[in-house]
2 protein chains.
Amino acid sequence: MPSLDPTNGQHERTRPDLAAMTTALNRSLVAAELPVLAEHGLTMWGYVVLLALDEHPLRTQAALAEAIGADKTRIIGVLDELQDRGLIDRQRDPADRRARLLSLTPAGHDVRDSAQAAIRRGEERLLARLPERDRESFLAGLIALSALPVEDVTGRPGDSP
Amino acid sequence: MPSLDPTNGQHERTRPDLAAMTTALNRSLVAAELPVLAEHGLTMWGYVVLLALDEHPLRTQAALAEAIGADKTRIIGVLDELQDRGLIDRQRDPADRRARLLSLTPAGHDVRDSAQAAIRRGEERLLARLPERDRESFLAGLIALSALPVEDVTGRPGDSP
DNA sequence: TATTGTTATACTCTATAACTATA
DNA sequence: TATAGTTATAGAGTATAACAATA
């Protein structure tokens with residue numbers, strides 16, 4: 001067994017691996033989101049699609065799939081259901097009839113905003129459990145690290161494509 | 001579209017959902033860990049088992065499975081391989097020959113420590129990208145929130161069993 | 001020939017059910 | 001009969017390959 005130095009309060013073994021912590025926290029956050037989304041008739045994938053269309057309206061399904069990190073075949077059923085419920089518009093591009101123009105309907109916009117607002121309320125309640133002095137920096141760190149490209153975290157080029 | 005107030009720097013819509021961020025960060029962290037573990041001949045599950053045996057040596061496989069959030073049938077192959085490589089001991093309990101006593105071998109301890117040390121080096125390199133003033137609070141927040149039981153995050157009792 | 005979207009197929013991971021051996 | 005562990009089966013989720021329409 002490696003010798004532990006009791007005088008060293010910063011010993012590395014005092015915290016779990018970062019991935020272990022993000023896995024546990026992510027599982028809890030997803031478990032908290034799913035019932036809220038279900039109340040709005042949304043699956044996680046459906047919600048992700050609505051968010052992606054809001055931020056960057058896209059002109060092909062393949063581009064949407066890549067933007068949200070999904071396979072292009074994976075989202076077809078999701079788009080079918082969102083369209084059936086009138087939350088998105090999916091029309092052929094007159095300029096290139098192979099492509100489908102994807103956009104949020106007003107109803108889709110409302111559902112998205114309503115679901116996100118409910119999720120935010122839960123998140124604020126969770127963040128309130130952190131000491132005041134840690135809250136802002138925790139969020140800043142999470143925002144910064146989660147925005148890094150995968151290669152920046154792995155340190156190895158070409159692992160993602 | 002909801003009106004954005006440009007004078008309000010704290011507007012809620014300026015950050016992604018917490019779950020979206022933890023999903024992205026977790027994916028990157030796992031992608032960073034896997035090649036390091038592979039260099040030590042470990043899978044993610046194998047590594048998780050070695051860590052669990054280190055923290056709480058357990059006397060039944062079912063208890064181990066529950067401790068790491070896995071199905072009891074899920075870890076059998078993992079234990080088989082770790083045992084074949086001499087990283088764990090798995091002996092029948094003389095007091096109850098149905099149960100298997102699980103413990104780390106010295107070799108298992110070495111592999112675990114070596115893999116974890118390599119992972120820590122990568123993590124420190126990542127954390128160094130955060131501004132000095134955010135680093136400690138980010139870690140403190142992550143440690144605190146990831147340690148919460150799922151029900152504390154969901155706010156709903158009985159979602160986990 | 002290349003590209004967009006779709007469908008059909010196969011593969012991976014995980015959980016459920018059935019079996020054995022002990023108690 | 002109940003429990004620990006194992007094996008066999010089935011299910012969910014995802015990716016890969018093949019196809020039709022359009023360029």
Side-chain angles (χ1 to χ4, degrees), chain A residues 19 23-24 26-27 30-31 33-34 37-38 42-49 52-53 56-84 88-103 150 159-161, chain B residues 19 23-24 26-27 30-31 33-34 37-38 42-49 52-53 56-84 88-103 150 159-161:
Chain A
T23 296
N26 187 58
R27 189 173 302 169
V30 169
E33 272 202 19
L34 286 178
L37 294 176
L42 293 175
T43 63
M44 184 61 81
W45 279 115
Y47 179 58
V48 169
V49 164
L53 288 179
H56 321 280
L58 295 170
R59 276 181 303 273
T60 72
Q61 294 181 184
L64 169 63
E66 191 192 342
I68 63 179
D71 193 90
K72 67 171 181 175
T73 66
R74 179 70 192 76
I75 62 172
I76 291 177
V78 179
L79 295 175
D80 288 345
E81 193 183 316
L82 292 175
Q83 186 179 23
D84 286 349
I88 65 169
D89 254 9
R90 181 159 60 153
Q91 303 176 11
R92 291 198 179 281
D93 183 349
D96 181 348
R97 292 181 46 75
R98 293 174 302 182
R100 303 286 195 113
L101 296 170
L102 300 170
S103 59
V150 182
D159 267 0
S160 54
Chain B
T23 296
N26 188 57
R27 189 174 301 170
V30 169
E33 271 200 19
L34 286 178
L37 293 176
L42 293 175
T43 63
M44 184 61 80
W45 278 115
Y47 180 58
V48 169
V49 165
L53 288 180
H56 320 281
L58 294 170
R59 276 182 302 271
T60 71
Q61 294 181 185
L64 170 63
E66 192 191 341
I68 63 178
D71 192 272
K72 66 171 182 174
T73 66
R74 179 69 193 77
I75 62 172
I76 292 176
V78 178
L79 295 175
D80 288 345
E81 194 183 315
L82 292 175
Q83 186 179 23
D84 286 349
I88 65 170
D89 255 8
R90 182 157 59 153
Q91 302 178 10
R92 292 199 178 279
D93 182 348
D96 181 348
R97 291 180 46 76
R98 294 173 302 181
R100 303 287 194 111
L101 297 170
L102 300 170
S103 59
V150 181
D159 267 1
S160 54

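Letters A, B, ... are given to chains in the order of the sequence lines, protein chains preceding strands, and every chain is numbered from 1. Quick note: numbers below take in every heavy atom, side chains included, and nothing from hydrogens, waters or symmetry partners.
Among B:Thr43, B:Leu42, B:Val78, the single residue meeting the side-chain contact (heavy atoms from CB on, under 4.5 Å) criterion with B:Val49 is B:Val78.
Residue B:Arg100 places none of its side-chain N or O atoms closer than 4.0 Å to OP1 or OP2 of C:dT22. Contact check, B:Trp45 against C:dT12: no side-chain N or O comes under 4.0 Å of OP1 or OP2.
Partners of B:Leu34 under the side-chain contact (heavy atoms from CB on, under 4.5 Å) rule, at least two apart in sequence or in another chain, are B:Val30, B:Met44. By the side-chain contact (heavy atoms from CB on, under 4.5 Å) test, B:Leu101 is found to be paired with B:Arg59, B:Asp93, B:Pro94, residues two or more places apart in sequence or in another chain being considered. With sequence neighbours excluded, the residues satisfying salt bridge (Lys or Arg N to Asp or Glu O under 4.0 Å) with B:Asp96 are B:Arg98. With sequence neighbours left out, the side-chain contact (heavy atoms from CB on, under 4.5 Å) criterion links B:Ala63 to B:Leu58, B:Thr60.
For A:Asp71 and C:dC11, the CG to C1' distance is 13 Å, given to the nearest whole Å. Remark: P of C:dG5 and CZ of A:Arg59 are 12 Å apart, rounded to the nearest angstrom. One interatomic measurement links the two molecules: CD of A:Gln91 to P of C:dT4, which rounds to 19 Å at whole-angstrom precision. In this structure, A:Arg98 places its CZ atom 11 Å from C1' of C:dT1, rounding to the nearest Å.
Within the structure, salt bridge (charged side-chain N to carboxylate O under 4.0 Å, His left out) contacts touching residues 67-82 of chain A (residues at least two apart or in different chains) are A:Asp80-A:Arg90.
Nearest to the side chain of B:Thr73, among C:dT22, C:dT16, C:dT14, sits C:dT16. In this structure, of C:dT4, C:dT6, C:dA15, it is C:dT6 that holds the atom nearest to the side chain of A:Gln61. When distances are taken from the side chain of A:Ile76 to each of C:dA15, C:dT3, C:dT6, the shortest belongs to C:dT6.
Within 4.0 Å (heavy atoms only), A:Arg92 reaches no atom of the nucleic acid at all. Heavy atoms of A:Asp96 sit under 4.0 angstrom from primed sugar atoms or phosphate atoms, though from no base atom.
Judged by closest nucleotide on DNA chain D, B:Lys72 is the one of B:Lys72 and A:Asp93 placed further toward the 5' end. Taking for each of A:Gly69 and B:Leu79 the nucleotide of DNA chain D with the nearest heavy atom, the 5'-most of the two is the partner of B:Leu79.
The line from CZ of A:Arg92 to CZ of A:Arg100 is 4.5 Å long, rounded to the nearest 0.5 Å.
The footprint of chain A on DNA chain D, defined by a heavy-atom cutoff below 4.0 Å, extends from D:dT14 to D:dA23.
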